[in-house]
Amino acid sequence: MEAWRTEYNSFRPHSSLGDLTPNEYIQEHAITPDSLFMTG
């Protein structure tokens with residue numbers, strides 16, 4: 001089960017995530033302190 005989970009999250013792109021792996025998606029959409037500032 002662990003091998004499947006690793007492959008699913010680290011190596012297999014998902015079309016619903018813009019062809020990124022879940023791990024790549026999380027890294028690209030991580031909340032940073034700068035992203036918490038509201039403008040306007």
Side-chain angles (χ1 to χ4, degrees):
M1 189 68 178
E2 181 62 23
W4 175 87
R5 188 181 67 78
T6 298
E7 179 181 341
Y8 185 89
N9 289 320
S10 300
F11 300 105
R12 210 177 114 206
H14 297 262
S15 61
S16 63
L17 300 177
D19 291 324
L20 299 174
T21 67
N23 288 346
E24 290 170 331
Y25 185 86
I26 288 170
Q27 287 177 347
E28 288 190 14
H29 295 89
I31 295 174
T32 63
D34 291 339
S35 70
L36 298 176
F37 288 109
M38 296 182 72
T39 60

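Values below: every heavy atom of this structure, side chains too, minus hydrogens, waters and symmetry copies.
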For residues 12-20, which side-chain donor-acceptor pairs fall under 3.5 Å, sequence neighbours excluded?
{"from": "H14", "atom 1": "NE2", "to": "Y8", "atom 2": "O", "distance (Å)": "3.2"}
{"from": "H14", "atom 1": "NE2", "to": "R12", "atom 2": "O", "distance (Å)": "3.1"}

Test your reading of the model: is there a side-chain donor-acceptor pair from E7 to the backbone of W4, 3.5 Å cut-off? no
Does N23 have any side-chain hydrogen bond (donor to acceptor under 3.5 Å, both in side chains) partners at least two apart in sequence or in another chain, and if so, which? S10
So, using salt bridge (Lys or Arg N to Asp or Glu O under 4.0 Å) as the criterion, who are the partners of E2 when residues are at least two apart? R5
Got a sec, which hydrophobics cluster with I26, joining ILVMFWY side chains under 4.5 Å apart, including via others? none
